[in-house]
Structure formats: structure tokens, C-alpha cells
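Structure first, then comments.
This structure is a prediction, so every number in the text was calculated from the model and none was measured. Both counts, for ligands and for their atoms, begin at 1 and track the order of listing.
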Amino acid sequence: MSAERIDGKAFAAKLRERVGAQANTFAEQTGRKPGLAVVLVGEDPASEVYVRAKGKATIAAGMASFEHRLAADTDQQTLIDLVERLNADEAVDGILVQLPLPKHLDEKAVIATIDPNKDVDGITPTNAGRLVLGMDTLVSCTPLGCLLLLRDLFDDLSGLDAVVIGRSILFGKPMAQLLLSENCTVTMAHSRTRDLKSLLRRADIVVAAVGVPNLIRGDWLKPGSVVLDGGINRLDPEPGEAKGRIVGDVAYDEATEHVRAITPVPGGVGATTIAVLLRNTLVAAYRNEGLEVLQDL
Ligand code: GUN
């Protein structure tokens, strides 16, 4: 059996098209573009790549992009002051503070300063609480992307066994909440979990984001299950390669022999994140203007 390859890129392209069209409508209705501010502290190369990609995609979708780059030794108060200025800026609908922050900064305090109505990552205490309470809210981009992919694969997620591996505030925790709201039976696994293999034997849905290359072997997975791999891990270069290959947390080739469908890495889960960020920014823009979003995004 060879599994269906879930095409995150194609999904993202369609979502970006819908968001772009609706962003134009927003601009006609309000006389301004939806605006996304991204704050990057320091020079982490991976974060640099993400932030540049986010800025390009924002402009391509007909939105305004505001990039704020701060030095690695920026102090807490300077960062909080910037977030407060962005909270007050009417041209800014969404604020994303790129994580992780340098170690000397208090990440939780910075996140708690973001206006929940502009929190396109869904990680402020208000929005995380709203998600747990089953209230409508902005939800972290990568888990929401995963949920949208799953909705394309299943008519109904109700009663399915789901295992989420990883418990970060941006991925594992909101992912588990989203699956719970779809009436899945959710198990959260993480680095201290004793017997991941036996949990996976009964999982209809596996969502992985642990950052350990090829951790999950194909024969651990339940035949016919669906696997979303959020891992992005660079291997050491093979002889003759300048850079190592990027792989996920799941041994892809092995898994395709067992499962019904799986996302590749790259081109799967990760490819959806920026499209969902644009979607969240547009939803925030409509709400901040007191208007209804016209179509289901
Ligand atoms: N770092 C890696 N992914 C993300 C994301 O989705 N949001 C933020 N704020 N930081 C990230």
C-alpha cells in the first residue's frame, strides 16, 4: 500500500488566493489594507528566513507588512514599549513576535502584552483561554493549518483517536484543543512519554512536532491512519552534499507503507503556516473594523 501524499503547498496556494481576494474587498470597504507587524529580536538565521518569507507573502496577498528588527541585546522594556505602540497603531491588525526570543527576555510577559484582538498567533492568555473554553478566537497558525488539512480528509473527526506529540504553546497544546473541539479522543505525548510506540498503535490521527528526525518509525503507525508531520529537522550533510536534507519527525518512506495519508517534509504542514497567518490577519482586520468576514476562510 502506498499512502496519499497530502499536498500542503497546494492547500496553501488555494487559501492564499481566497485571502488575497478578500483582502482586496477589505481595502475597498475600509480604504486601507489589512496590516501585519512582525517583530524579530536578534539574528537567528532560521527566524530570519521565516520573517522574510512572511513579509513577502503579506505584500503578495495585498496586505501591509511592518517589520521591526531589534538587536539581540534589546532589553525587556524596549520590546514591551514596541508591542504597546503596535497595539495602539490603527494600521496594524495583527502582531507576531517571532519566537523563540533571546534567553534574557521574558517571553511570557511579552506575549501577555499583545492585544488579544491583534494576536494572530493565538498565544495570549486571553486567546489561549478562549480556545480551551471552546469560544471563537484567533488560533495558532500551524495547528489551525493541520485542522484544515484534516477537515479535507475526514467528513467527521468525531470519536477518532488522535495522538499529538509535542506540547509547545504554538503547536502541541492548541492542536490538542482543536482536536478535542472536533470530538476526537486526544492523547498528548512529549519528551517524557514512556511508551510512544504503544500509543501510536491505536491512533487514527498522528500529529507530530517534536524536532527529532525520523523518530517515529513506519511500523509504529496504525494501518490506515493519517499522519501530519510538523517536524522540520536538518540532517548532517551526506558526502557530496553542501547542506543536510530537511526531514520530519516521521520516517516518511516507511510510513507510506502503512498509513492512508501523510504530509511530506518539506511541502506539508510547514507550507500551510504562512497562508493561515494571512488568514488570521484578515480575520483580525475585519473584527477590528467591526465588520463580518464575508466568506468562510
Ligand atoms: N517561530 C516559529 N514558528 C512561529 C510562529 O508560528 N509564530 C511565532 N510567533 N514564532 C514562531
Side-chain angles (χ1 to χ4, degrees), residues 8 12 15-16 19 36-58 65-70 72 74 79-80 82-83 86-87 92-103 105-128 131 137-149 164 166-175 177-178 207-211 228-234 246 248-249 263 265-266 268-284:
L15 179 55
R16 279 159 71 152
V19 170
L36 173 65
V38 176
V39 179
L40 174 61
V41 185
E43 282 126 32
D44 176 62
S47 294
E48 281 276 352
V49 171
Y50 287 134
V51 167
R52 222 172 304 130
K54 283 169 190 167
K56 267 174 74 175
T58 306
S65 169
F66 308 98
E67 274 181 32
H68 295 267
R69 289 162 188 273
L70 303 180
T74 297
L79 180 55
I80 298 265
L82 171 60
V83 171
L86 297 172
N87 285 344
V92 172
D93 296 291
I95 301 171
L96 182 146
V97 177
Q98 184 70 24
L99 302 177
L101 288 172
K103 292 274 178 288
L105 294 168
D106 180 349
E107 204 161 271
K108 288 196 172 73
V110 173
I111 291 169
T113 308
I114 300 170
D115 177 348
N117 294 322
K118 298 189 176 189
D119 168 28
V120 283
D121 273 323
I123 52 177
T124 54
T126 300
N127 287 337
L131 180 63
T137 190
L138 292 165
V139 179
S140 179
C141 304
T142 313
L144 184 54
C146 286
L147 180 68
L148 298 175
L149 290 175
V164 177
R167 52 178 159 177
S168 68
I169 58 166
L170 274 167
F171 195 92
K173 285 181 182 172
M175 187 74 244
Q177 290 300 331
L178 287 173
V207 188
V210 264
L228 303 182
D229 189 348
I232 302 176
N233 312 297
R234 191 176 287 284
I246 300 273
D249 294 340
T263 55
V265 178
V269 168
T272 68
T273 304
I274 291 181
V276 179
L277 173 65
L278 302 175
R279 175 229 175 251
N280 282 358
T281 303
L282 183 61
V283 169

> Got a donor-acceptor contact below 3.5 angstrom from the Asp249 side chain to the Gly211 backbone?
Replying inline: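 Present.
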> Residues in side-chain hydrogen bond (donor to acceptor under 3.5 Å, both in side chains) with Thr272, at least two apart?
Replying inline: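 Checked Thr272 against side-chain hydrogen bond (donor to acceptor under 3.5 Å, both in side chains); zero matches.
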> Does the side chain of Leu228 reach to within under 4.5 Å of the side chain of Met175, using non-hydrogen atoms?
Replying inline: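 The answer is no, as the side chains (C-beta and beyond) never meet within the 4.5 Å cut-off.
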> Is the closest side-chain heavy-atom distance between Phe171 and Val269 below 4.5 Å?
Replying inline: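 The answer is yes, as the side chains (C-beta and beyond) meet within the 4.5 Å cut-off.
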Please produce the table of protein N or O atoms sitting under 3.5 Å from N or O atoms belonging to ligand 1, one pair a line, distance to 0.1 Å.
{"residue": "ligand 1", "atom": "1 (N)", "partner": "Gln98", "partner atom": "NE2", "Å": "3.0"}
{"residue": "ligand 1", "atom": "1 (N)", "partner": "Leu99", "partner atom": "O", "Å": "2.8"}
{"residue": "ligand 1", "atom": "7 (N)", "partner": "Asp121", "partner atom": "OD1", "Å": "3.1"}
{"residue": "ligand 1", "atom": "7 (N)", "partner": "Asp121", "partner atom": "OD2", "Å": "3.3"}
{"residue": "ligand 1", "atom": "9 (N)", "partner": "Val97", "partner atom": "O", "Å": "2.8"}
{"residue": "ligand 1", "atom": "9 (N)", "partner": "Asp121", "partner atom": "OD2", "Å": "2.6"}
{"residue": "ligand 1", "atom": "10 (N)", "partner": "Leu99", "partner atom": "N", "Å": "3.0"}

>> If you compare all heavy atoms of Asn127 against all heavy atoms of Leu138, which two are closest, and at what distance to 0.1 Å?
In response: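 That would be CB-O, 4.1 Å.
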> Any idea which heavy atoms bring Ile80 and Thr113 closest together, and the distance?
Replying inline: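 Smallest heavy-atom distance, with atoms named: CD1-OG1, 3.3 Å.
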